[in-house]
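Residue numbers begin at 1 in each chain, while the letters A, B, ... track the order of the sequences.
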Amino acid sequence: MSKGVTPRSKDYSKWYTDVVQKAELADYSPVKGCMVIRPYGYALWEQIRDFLDKKFKETGHVNAYFPMLIPESFLQKEAEHVKGFAPELAVVTHGGGKKLEEPLVIRPTSETIIWAMYKKWINSYRDLPLLINQWANVVRWEMRTRLFLRTTEFLWQEGHTAHATAQEAEEEAHRMIHVYQQLCEEVLAIPVYVGKKTDNEKFAGAENTYTIEAMMGDKRALQAGTSHYLGQNFAKAFDVKFQSEENTLEYVYASSWGVSTRLVGAVVMAHGDDQGLILPPQIAPYQCVIVPIYKNNTQKEKVFSCVQTLEKAFKEQHIRYFTDNRETVSAGFKFNDWEMKGVPLRVEIGPKDADKNGVICVRRDTGEKYFQSIDSFIASCKNTLKDIQDSIFQSRLTFRENNTFDVSTYDELKTVIDNGGFARTFWAGTSEMENQIQEETKATIRCILFDNTEESGHCVITGKPSITQVIFAKAY
RNA sequence: CGGGGUGUAGCGCAGUCCGGUUAGCGCGCCACGUUCGGGACGUGGAGGUCGGAAGUUCGAAUCUUCUCACCCCGACCA
């Protein structure tokens, strides 16, 4: 095995694949397009899952589980939905050695089977709102796959809610995109642009799609989460009506929203460097790694008494840590290994430090290395982790701001896209114009910003006055 | 599906053009010893149906035909 990873400047895509594999986040499986999420990678997903699950429950949602196999006919019921998903379905045609009466598709998303059930469960306005989330795997037969970013099977959560009014469903869709924003910014330390998708980019079967868009280390955009206002589309397709307080029969309004294991890829690409991963403390499986250094048993005893002091303090402060007491590899190897794995804070304790009752700390984000007494280390560790979290976020925010350019002409837009970065501009164009721009520049409208930086301007293509500010970028 | 590439030890590769005893190298792995503060070293060792099938030949990793798989770039997508 070679020692480092391909430098980002040489081949960003290769760098990404190298890091994912060398940090032991995931590995290629014997099944084309499917990866194995390894324990260290899965631990990242668990952090994401735990944060979101708590948030979902705080906002009134409950978890449930629906079948992975969906009757093929269900997909047909919503015209746009089937059009969007039909090309990428995996279909089960046989079971128990016999051909099935009706083929079953492996869910690419669960709207249809969930709405088939909602029809049974929803009768009255008293049954609403219905706020269900599911943690599940889905399968989409993609042409080209990449570890975490786009795999044939992936893990995600999908929320599916039913409401009595359009306004309530819209509010729900907005609420959840903001939960995702909070996840990205506060936990993953990735700043995101929040906004709405254009008709070209919206979900198959949605009225409105909301999105958070993050900038990766190569200045391309990654959609990090989506939330949809589905209107009455699925209610009509599955005939889900409720009796209102006024005793009228109405179709219910819906939302759905999801994030996936793609977010693990986002963390890699947003923060990583040529040494490997850089994990924000909030998501790091180990926030601190202790590397004891010694030559003989006398030193070992002395060093480990310090290690024990640290471990006790970490436990008390609920800091996730790992003591690397492998005797088969050198200290230098361990340093590189944990840097590859992105552990935010490394604590080295050698005989010299133990004599002085201190430790050497090394920050992964800045590389800063300093001596501290054990007492002051223990007293400041939480703050240091917080500082790392904040400064990683700040550095990403600065990076994004430095690479987001306001443009007012198509030529400027092209220049920004060619040089790499986000182009922010006003828009009053059509779907066709958007397609044309995509063909010429490879860039798409990532989102229509919720929060404009200016109230109004002129459309970058048509010159018409506009209050719609958008982000153009090349996307993953 | 279009374009490009690769299949030889766990990983990365050489050997293939121009067929010739026992198929090599680096890393990793195992054992022992010396090491241990930025990817340690020595000695010994284990590990291969050369992607698969058929053919040519006295003889095939190497030539021919067919086939399978995977990777990269595009179109599609969270």
Pick the [atom1] atom in [N] and in [M], then give their distance to the nearest Å.
N     : M     : atom1 : answer
B:G26 : B:A14 : C1'   : 10 Å
B:C63 : B:C17 : C1'   : 11 Å
B:G44 : B:G5  : P     : 43 Å
B:U21 : B:C30 : C1'   : 31 Å
B:C29 : B:C70 : P     : 29 Å
B:A53 : B:C68 : C1'   : 10 Å
B:U49 : B:G33 : P     : 33 Å
B:A23 : B:C50 : P     : 11 Å

Would you kindly give the [atom1]-to-[atom2] distance between [X] and [N], to the nearest whole Å?
X      : N     : atom1 : atom2 : result
A:E439 : B:A75 : CD    : C1'   : 11 Å
A:D27  : B:C70 : CG    : C1'   : 13 Å
A:K295 : B:G37 : NZ    : C1'   : 7 Å
A:D324 : B:G39 : CG    : P     : 16 Å
A:N336 : B:G37 : CG    : C1'   : 13 Å
A:K302 : B:G37 : NZ    : C1'   : 14 Å
A:K202 : B:C77 : NZ    : C1'   : 17 Å
A:Y294 : B:U35 : OH    : P     : 15 Å

Counterpart base for [N], defined by Watson-Crick or G-U wobble contacts under 3.5 Å:
N     : answer
B:A46 : none
B:G24 : B:C13
B:C1  : B:G74
B:C41 : B:G33
B:C66 : B:G52
B:U57 : none

- Message: Can you tell me if A:N419 has over 12 outside heavy atoms packed within less than 6.0 Å of its CG?
- Response: yes
- Neighbour count >12 (heavy atoms, 6.0 Å) for atom CD, A:E301: no
Over all strands shown, is [X] touching base, sugar-phosphate only, or nothing at heavy-atom distances under 4.0 angstrom?
X      : answer
A:T152 : nothing
A:L149 : base
A:I360 : base
A:E348 : base
A:R146 : nothing
A:E201 : nothing
A:F203 : nothing
A:K352 : base

Mutual orientation of the aromatic rings belonging to [X] and [Y] [parallel < 30°, tilted 30-60°, perpendicular > 60°]:
X      : Y      : result
A:Y286 : A:F322 : tilted
A:H178 : A:F450 : tilted
A:F238 : A:F74  : perpendicular
A:Y210 : A:H174 : tilted

- Starting at the 5' end of RNA chain B and moving along, which residue's nearest nucleotide shows up first, A:Q223 or A:M340? A:M340
- Item | A:T261 vs A:A354, nearer the 5' end of RNA chain B by closest nucleotide | A:A354
- For A:A254 and A:A169, the nearest pair of non-hydrogen atoms, with its separation, is O-CB, 3.8 Å
- Closest non-hydrogen atoms of A:A224 and A:L263, given as atom of the first, atom of the second and distance, are O-CD2, 3.4 Å
Look at the side-chain N and O atoms of [X] and state whether any lies under 4.0 Å from the OP1 or OP2 oxygen of [N].
X      : N     : answer
A:S330 : B:G39 : no
A:R144 : B:A75 : no
A:S13  : B:C73 : yes
A:K442 : B:G74 : no

Under the 3.5 Å rule, do the base of [N] and the side chain of [X] count as making a donor-acceptor pair?
X      : N     : value
A:K369 : B:G38 : yes
A:R150 : B:C77 : yes
A:D337 : B:G39 : no
A:Q299 : B:G37 : no

- Which of these nucleotides, B:C77, B:C71, B:G38, is closest to any side-chain atom of A:Y28? B:C71
- Atom CG in A:N403, atom CZ in A:R220: separation rounded to 0.5 Å? 14.5 Å
